[in-house]
Student: 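Could you have a look at this structure, given as C-alpha cells, before my questions?
Since the model is a prediction, treat every value here as computed from it, not as a measurement.
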Amino acid sequence: MASLTKNPNVNAWVDEMIALTKPDNVVWIDGSDEQLQALREEAVSTGEMLVMNQDEYPGCLYHRTLPNDVARVEDRTFICSRNKDDAGPTNNWCDPKEMYAKLTPMYDGVMKGRTMYVIPYSMGPIGSPLAKVGVELTDSIYVVLNMDIMTRMGAKAFENLGDTSDDFVRGLHSKAQVDPENRYIVHFPEDNTIWSINSAYGGNVLLGKKCFALRIASFQGKNEGWMAEHMLILGVEKPDGEVKYITAAFPSACGKTNLAMLIPPVCYTEQGYKVWTVGDDIAWLKQGEDGRLYAINPENGFFGVAPGTNAKSNYNALASTKKNTIFTNVALNNDNMTPWWEGLDKNPPVNATEWKGEKVNGPEYAAAGNKLAHPNSRFTAPAENCPCISSEFNNPQGVPISAIIFGGRRAKTTPLVYQAFDWNHGTYMGSAVSSETTAAATGAVGVLRHDPMAMKPFIGYNVGDYWAHWIEMGEKLGDKAPKIFNVNWFKKDDEGNFMWPGFGDNMRVLDWIIKRCEGTVDAVETAIGYVPKAEDINVTGIEDEITPERMQELLAVDKDLWVEEIAEMRRYYNDDIAAKGGRIPDVLYKELDELEARLNK
Ligand code: GTP
Ligand code: SPV
Ligand code: MN
C-alpha cells in the first residue's frame with residue numbers, strides 16, 4: 001500500500017523497518033472510519049477481540065492479554081543514551097549500539113506472515129505549537145484501535161509534520177511471541193526512537209503514551225525548555241464562572257483519573273462549582289507569552305484503571321466507557337456480554353468469564369478470594385465521551401496553571417495537604433514523593449518506594465538533571481510560577497482504615513488550594529510548609545465523619561516521623577541517587593538542610 005506522506009525521512013525509515021521485520025503486508029493507517037471498521041471486524045473474526053453488548057455498549061470491544069503480560073515491566077525498560085550517566089540511576093541503561101545489535105536479530109523477519117500497520121499520530125491537538133508527531137509501526141490491530149482512541153491518529157498527523165521535517169518519534173513495536181524472557185521496552189532518546197518487543201499490553205506498546213509522551217518527551221523538554229509530566233489537568237469553575245486550572249502528579253493507580261473527573265459534594269454544586277477534565281495522566285507544560293505556565297494534554301483518550309470505578313467513586317469515568325471503548329482484562333458477564341470488575345458493584349455475574357478466560361461462577365469465585373478482573377485491568381475510552389470534558393480540551397495553547405499538586409499513597413507521615421514555601425521548596429517536595437506500589441507495574445504491591453514527581457518509571461534521562469530542569473523552569477517563571485502543594489488521600493488510622501473519604505470530597509482540599517493561590521485564606525506555617533487551619537477545610541455534610549479531632553489528625557505534622565523522613569531522604573539522595581551518578585542540584589540539598597533545621601528548631 002502506498003505511503004501517506006511525501007516526507008522522505010518517514011518513508012526511508014519505514015522502508016528500513018519493513019526490510020528488517022519482513023511483513024507480508026503493509027497498511028498505512030489513514031484513520032478513516034471504513035479502515036478502522038474493517039480492522040475491528042478482522043480482530044473480531046480472529047478472536048483477538050470480542051464484541052460487547054451493542055445495545056448497552058455500542059462500539060465497545062473486549063480484549064484479554066496473556067497472563068504474563070498485564071502491566072508495565074520496569075525491569076525490562078531501558079534508556080539507551082550514549083553516555084550511561086545521561087540515563088542516571090533511576091533507569092536501566094545499555095549502550096545504544098549494543099542494544100540495537102541485541103534487538104535487531106529479534107526483529108529480523110518477526111512480521112513474516114503478519115501485517116505491519118504504519119500509524120501516524122499527533123500527541124497534542126493537531127496544529128498546537130506544543131504538539132508533536134510520532135509514527136508507530138506495529139503488528140497488532142489491538143494497538144491500532146487503542147492508538148485511535150488515545151491519540152489524534154491518521155493522515156492528518158502527517159499534515160502537521162510537513163513534507164521535510166525529521167522531527168518525529170520513530171516507534172517500532174512487535175508483539176513477536178509475547179515472550180516475557182525476551183520482552184524489551186527500549187528508548188533511544190538521542191535518536192527519537194522507541195523499540196518495543198514481546199509485549200501486547202498498554203504502557204509497553206501504546207508507544208505514544210509513556211514511551212513518547214513521558215520518557216522521550218521529558219528529554220526533549222529538558223533540551224527545548226518545557227516539561228513532560230505524569231500529571232492530570234483539571235479546571236475548577238467557581239460560581240462566578242472563573243476557571244482555575246490545576247495539575248497533579250500522583251504515581252500510577254494513585255488517583256489521577258479520579259481527581260481529574262471528580263464531582264464536587266452537594267455543598268459545592270449547589271453554589272455552582274464545577275470540575276472540568278483536561279487530562280488524566282500526562283501534561284506537557286510550557287511558559288506562555290504572558291509568562292505563565294500553560295499545559296496541554298497530549299492524549300485524546302483515557303487508559304484508565306477499571307477496578308474501583310463505579311457510579312459513586314467516578315461517575316464520569318464510568319460514563320466515558322459506555323461507547324466506543326476497549327476493555328482489557330476485565331471480567332465478562334456471559335449472559336449479556338457486559339463488563340464487570342471488582343468495585344463496579346457488589347454483584348459479580350453468576351455466569352462469568354474471569355480475566356484469564358476461565359468460565360466461573362462469579363459470586364463463588366469471588367467468595368473464595370479470587371479476583372474476576374485483573375487489578376490492572378483497564379478501559380480505553382475516548383475523551384469526547386467524558387461528560388465533564390473541558391471546553392479547552394482541544395485548545396492548542398493549553399490552559400494556564402495556578403497550582404501544581406504532588407501526592408502518593410502514604411499511610412503515615414504526610415498530612416492531607418500542605419503548601420510549599422516557594423518553587424524550589426516545591427521541587428524538593430516533588431523529589432521526595434514516595435508511594436506504596438500498585439498493580440500498574442509488575443512486582444510486589446504495597447511496598448513504599450521513592451517515586452519523585454510520580455515520574456520514577458518515566459524520566460527519560462538523569463533524575464538529577466531532571467530536578468535541575470525543574471529549578472530552571474522556576475527561575476524562568478519567577479513570580480508567575482504556579483504554587484506547589486502536596487496531598488495525601490491515603491492516610492490510615494491505627495486500625496488501617498483510610499482517614500479521609502477521598503474521591504468527590506477531595507474538592508474540599510482543592511477549594512483550600514485555590515484560595516491559597518488567590519491569597520484569600522490563611523495557613524499555619526510549620527517546619528514542612530503551610531498547613532491549613534483545621535477550620536479552613538470545608539466539612540459541610542461530612543461533619544459526622546470528619547470531626548475537628550479527626551481533622552487535626554489528618555493535618556498533623558508528627559515531628560518524630562518527619563525526623564525519620566529526613567534521614568531517609570538523606571539516605572536516598574546520597575546512596576540511591578548521588579552515589580549512583582545522579583547529579584543532584586545544590587539547591588535541593590539546601591532545601592533538605594533547611595527543612596531539617598526548621599524541624600529541630
Ligand atoms: P494510572 O492510570 O495508572 O497512571 O493511574 P491513576 O493515578 O489515574 O489512578 P486512578 O485514578 O485510576 O486510581 C486508581 C486507584 O486509586 C483505585 O484503587 C481507586 O480506588 C484509588 N483512589 C482514587 N482516588 C482515591 C481517593 O481519593 N481515596 C482513596 N482511598 N482511594 C482513591
Ligand atoms: C501507568 O501505569 O501510569 C498508566 C498505565 O497510566 S500504562 O499506560 O500501562 O503505563
Ligand atoms: Mn499513568
Side-chain angles (χ1 to χ4, degrees), residues 36 40-41 43-44 46-67 69-71 140-143 145-146 148-150 200-203 205-206 253 257-258 261 280-281 301-367 370-387 438-440 503:
L36 288 166
R40 287 183 198 107
E41 282 162 20
V44 169
T46 61
E48 182 181 351
M49 304 189 79
L50 304 176
V51 180
M52 318 274 310
N53 184 313
Q54 292 300 296
D55 295 326
E56 282 182 59
Y57 289 88
C60 293
L61 294 171
Y62 177 85
H63 179 74
R64 179 179 293 135
T65 63
L66 290 182
D69 188 32
V70 293
S140 161
I141 296 181
Y142 174 74
V143 167
L145 297 178
N146 273 273
D148 174 47
I149 299 171
M150 295 305 295
Y201 185 79
V205 301
L206 308 179
T257 304
N258 279 275
M261 300 180 190
D280 83 324
D281 197 46
F302 311 118
F303 186 60
V305 177
T309 307
N310 60 54
K312 189 159 172 285
S313 68
N314 197 343
Y315 168 85
N316 289 312
L318 195 65
S320 304
T321 66
K322 296 291 177 184
K323 62 179 184 201
N324 303 331
T325 291
I326 297 171
F327 294 93
T328 301
N329 294 340
V330 302
L332 279 174
N333 183 337
N334 301 333
D335 293 333
N336 57 9
M337 287 304 277
T338 55
W340 193 85
W341 51 75
E342 278 67 24
L344 176 64
D345 54 44
K346 294 202 167 69
N347 311 308
V350 174
N351 187 5
T353 306
E354 54 81 82
W355 69 271
K356 294 188 287 316
E358 196 188 328
K359 296 241 179 337
V360 296
N361 177 309
E364 284 174 14
Y365 192 72
N370 302 300
K371 298 233 186 293
L372 279 93
H374 188 275
N376 192 37
S377 55
R378 299 222 171 211
F379 51 79
T380 320
E384 66 184 19
N385 282 1
C386 183
T438 65
F503 301 98

Student: Tell me, do Met49 and Leu145 make a side-chain contact under 4.5 Å, heavy atoms counted?
Tutor: yes

Student: Go through the structure and list residues passing side chain to side chain contact (heavy atoms under 4.5 Å, CB included) with Ala306, not counting sequence neighbours.
Tutor: Val330, Trp341, Ser377, Phe379

Student: Check whether any side-chain heavy atom of Val360 lies under 4.5 Å from a side-chain heavy atom of Glu364, and answer yes or no.
Tutor: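 SC-SC contact between Val360 and Glu364 ruled out.
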
Student: Measure the spacing between CG of Asn146 and CZ of Arg378 and express it to the nearest 0.5 Å.
Tutor: 12.0 Å

Student: If you look only at pairs with a residue in residues 345-358, which of them pass as a salt bridge (charged side-chain N to carboxylate O under 4.0 Å, His left out), with sequence neighbours excluded?
Tutor: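 Qualifying pairs, neighbours excluded: Glu354-Lys356.
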
Student: What's the separation between atom CG in Asn324 and atom OG1 in Thr380, rounded to the nearest 0.5 Å?
Tutor: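 Answer for the CG-OG1 pair, Asn324 versus Thr380, is 12.0 Å.
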
Student: Judged by atom type as modelled, is there a donor-acceptor pair below 3.5 Å linking the side chain of Asn329 to the main-chain atoms of Asn376?
Tutor: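 No, Asn329 side chain to Asn376 backbone: no donor-acceptor pair under 3.5 Å.
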
Student: Counting N and O atoms only, with roles assigned by atom type, does the side chain of Asn316 sit under 3.5 Å from a partner on the main chain of Met261, one being a donor and the other an acceptor?
Tutor: yes

Student: List the steps, then state whether side-chain hydrogen bond (donor to acceptor under 3.5 Å, both in side chains) holds for Asn314 with Thr309.
Tutor: CA-CA 6 Å; Asn314 197 343; Thr309 307; 5.8 Å; no

Student: Using side-chain heavy atoms (C-beta onward) and a distance below 4.5 Å, is Asp148 in contact with Arg40?
Tutor: yes

Student: Check side chain to side chain contact (heavy atoms under 4.5 Å, CB included) between Glu56 and all other residues, then give those that pass, not counting sequence neighbours.
Tutor: Asn53, Asn336, Thr338

Student: How far does CZ of Phe503 sit from CG of Asn258, to the nearest 0.5 angstrom?
Tutor: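 Result: 5.0 Å between the selected atoms.
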
Student: With no hydrogens and no angle check, is any side-chain donor or acceptor of Glu342 less than 3.5 Å from a backbone partner on Lys371?
Tutor: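 No, the answer is negative, given that no donor and acceptor are paired below the 3.5 Å cut-off.
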
